[in-house]
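To start, the structure under review is shown below, and the notes come after it.
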Amino acid sequence: MKTIDFTDQELPKLGIGTWFLGENPSTRMSEIQSIRYGIEHGIQLIDTAEMYGEGLSEKLVGEAIQPYDRSSLYIVSKVYPWNANPEHMETSVNNTLRRLNTDYLDMYLYHWRGTTPLKATISEFERMKSLGKIKNWGVSNFDTEDMKALLSEKDGKQCRVNQVLYHLGDRGIDYSLAPYCAENNINLMAYCPLAQAGQIQRGLLQHPSLVRLSKKLNLTVYQLLLCFIQERSNIIPIPRTSSVEHMKENLKTLDIHLPREIMDELDEAFPPPSRKMPLTIV
Ligand SMILES: NC(=O)c1ccc[n+]([C@@H]2O[C@H](COP(=O)([O-])OP(=O)(O)OC[C@H]3O[C@@H](n4cnc5c(N)ncnc54)[C@H](OP(=O)(O)O)[C@@H]3O)[C@@H](O)[C@H]2O)c1
């Protein structure tokens, strides 16, 4: 199984995304089944946020993880920028923990950079750590300059993760952000690894190179997109699915290695950027 050294833990190199989950009563059961299928077949990391359905995703995750040993899971949630300050963070984290029905988060992320001075957010994250409510903290949607500003603050180097958009059709982070994070021992989480099933990049799933290579390897295009990310060091994809069948397909990628010549062909069809691109934020 492909694994990643993630904040000093070895985890399977596939997580579960949960944006939009828990919002539709008619698909709730299959969403829970899909998450549980993932957990029962080795997935440990689950990503959610107070923003997702204003807590409905966290509630769904709380229900889905209820039968399992908490210590075998790695739960990530995120705080809104306007709550990432000394006035509101403790209330936010308490609400998140209550919805998840757990007493700690493995990772708490600053969802995107707001107006609170970084040092105030950092010191509040550190306080939540000292209270045992979170094990570690990180950021999301921080570009290279944001990371530099963060790491120059006192305790800024305690940041362990940056969660950013990354898929084969959008490799902007490969220019400077990914190398900068790797140099500073910060793991990356790849969100929208399937480009939201092609919705945020029309034509990606029909790209002739992807169609040809996936046929050659007997994979779906979705699996090929995940495998591409998993072949890269220091980054874990967190696809979302509400379907057990799709979860099964996604899990299979953990045991598939792409040969070097396939990675070369993908690099040729989807070249890494040759100059700094602004970070895409969804
Ligand atoms: N930090 C941030 O700002 C941020 C922003 C966006 C997302 N995120 C996180 O990243 C996660 C993933 O991103 P995302 O949910 O936006 O999009 P995504 O994972 O790229 O795509 C999700 C879509 O792919 C489909 N899908 C999944 N597996 C499939 C398979 N094997 N075959 C066919 N279709 C498949 C899903 O449909 P089915 O349900 O039918 O399978 C769903 O429509 C989110 O859920 C969230 O946790 C974070």
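Both counts, for ligands and for their atoms, begin at 1 and track the order of listing.
At distances below 3.5 Å, not a single donor-acceptor pair connects side-chain atoms of E23 with backbone N or O atoms of L56.
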Which protein N or O atoms sit under 3.5 Å from any N or O of ligand 1? Give each pair with its distance.
from	atom 1	to	atom 2	distance (Å)
ligand 1	1 (N)	S140	OG	2.8
ligand 1	1 (N)	Q163	OE1	2.9
ligand 1	3 (O)	H111	NE2	3.4
ligand 1	3 (O)	N141	ND2	2.9
ligand 1	8 (N)	Y52	OH	3.3
ligand 1	13 (O)	C192	N	3.1
ligand 1	15 (O)	R240	NE	2.7
ligand 1	15 (O)	R240	NH2	3.2
ligand 1	16 (O)	Q196	NE2	2.7
ligand 1	19 (O)	R240	N	3.0
ligand 1	20 (O)	P193	N	3.4
ligand 1	20 (O)	L194	N	2.9
ligand 1	20 (O)	A195	N	3.4
ligand 1	20 (O)	Q196	N	3.0
ligand 1	28 (N)	N250	ND2	3.2
ligand 1	31 (N)	E249	OE1	3.3
ligand 1	31 (N)	N250	OD1	2.8
ligand 1	39 (O)	S242	N	2.9
ligand 1	39 (O)	S242	OG	2.7
ligand 1	41 (O)	T241	OG1	2.6
ligand 1	41 (O)	H246	ND1	2.6
ligand 1	45 (O)	T18	N	3.1
ligand 1	45 (O)	W19	N	2.9
ligand 1	47 (O)	T18	N	3.2
ligand 1	47 (O)	D47	OD2	2.6

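Defined by atom type and a distance below 3.5 Å, a donor-acceptor pair is present between the side-chain atoms of Y52 and K78.
Here K252 does not pair with E249 in a salt bridge; the nearest charged N to carboxylate O distance is not below 4.0 Å. Ion pairing between a basic and an acidic side chain is recognised when a charged N comes within 4.0 Å of a carboxylate O; D8 and R160 show such pairing. The existence of a salt bridge linking K276 and E145 is excluded, since no basic side-chain nitrogen approaches an acidic carboxylate oxygen closer than 4.0 Å. Checked for salt-bridge contact, R171 and D267 meet the test: a charged N lies under 4.0 Å from a carboxylate O.
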